[in-house]
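Written out below as structure tokens is the structure these notes cover.
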Amino acid sequence: MLSKFVIAGALSAIAVTAAHAEDAPKQRFSHEGYTYVYEVKDTKSGKLISGRRYPDAVAFNLAVKNGKVSGTSGGQQVTFDVEEARGAAN
């Protein structure tokens, strides 16, 4: 599931973006020929990861709350544990 790679990349960026939450630039990483460009925002209920996958410009919006990731990626609903995403990054 490509979304797990998005969240895995974003999880590694969260520590960096937390320090610069107000002026956080867009983050990016590449995987299997795609480049993911996203922002991580703090919300009252957790983290919100949103961006696009290129070259096809497919949008994704993922919420991280209580160890769970949920949202949409490429128009499809996704839900998985944060730990699954960390495992996908290895």
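The first residue in the sequence is number 1, and the count goes up from there. Computed over heavy atoms, backbone and side chain alike; hydrogens, waters and symmetry mates excluded.
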| request: Please step through side chain to side chain contact (heavy atoms under 4.5 Å, CB included) for the pair F60 and I49, ending with a clear verdict. | output: CA-CA 8 Å; F60 59 88; I49 302 167; 4.1 Å; yes
| request: I would like to know whether T35 and R53 meet side chain to side chain contact (heavy atoms under 4.5 Å, CB included); could you show each step before the answer? | output: CA-CA 6 Å; T35 300; R53 178 186 77 188; over 6 Å; no
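Not a single donor-acceptor pair under 3.5 Å links the side chain of T72 to the backbone N or O of G75. The backbone N or O of V37 lies less than 3.5 Å from no partner atom in the side chain of R28, so there is not a single donor-acceptor pair.
Taking CZ from F80 and NZ from K68, the interatomic distance works out to 11.0 Å, rounded to the nearest 0.5 Å. Rounding to the nearest 0.5 angstrom, the gap separating the CG atom in D42 from the NZ atom in K47 is 3.5 Å. In this structure, the separation between NZ on K65 and OG on S70 is 9.0 Å, given to the nearest 0.5 Å. Between the CG atom in L48 and the CG atom in L62 there is a gap of 8.0 Å [rounded to 0.5 Å].
When all heavy atoms of P55 and G33 are compared, the closest pair comes out as CD-O, 4.2 Å.
With hydrophobic clusters built from ILVMFWY side chains whose heavy atoms lie under 4.5 angstrom apart, V58 does not share a cluster with Y38.
Side-chain contact check for V64 versus V82: some heavy-atom pair is nearer than 4.5 Å.
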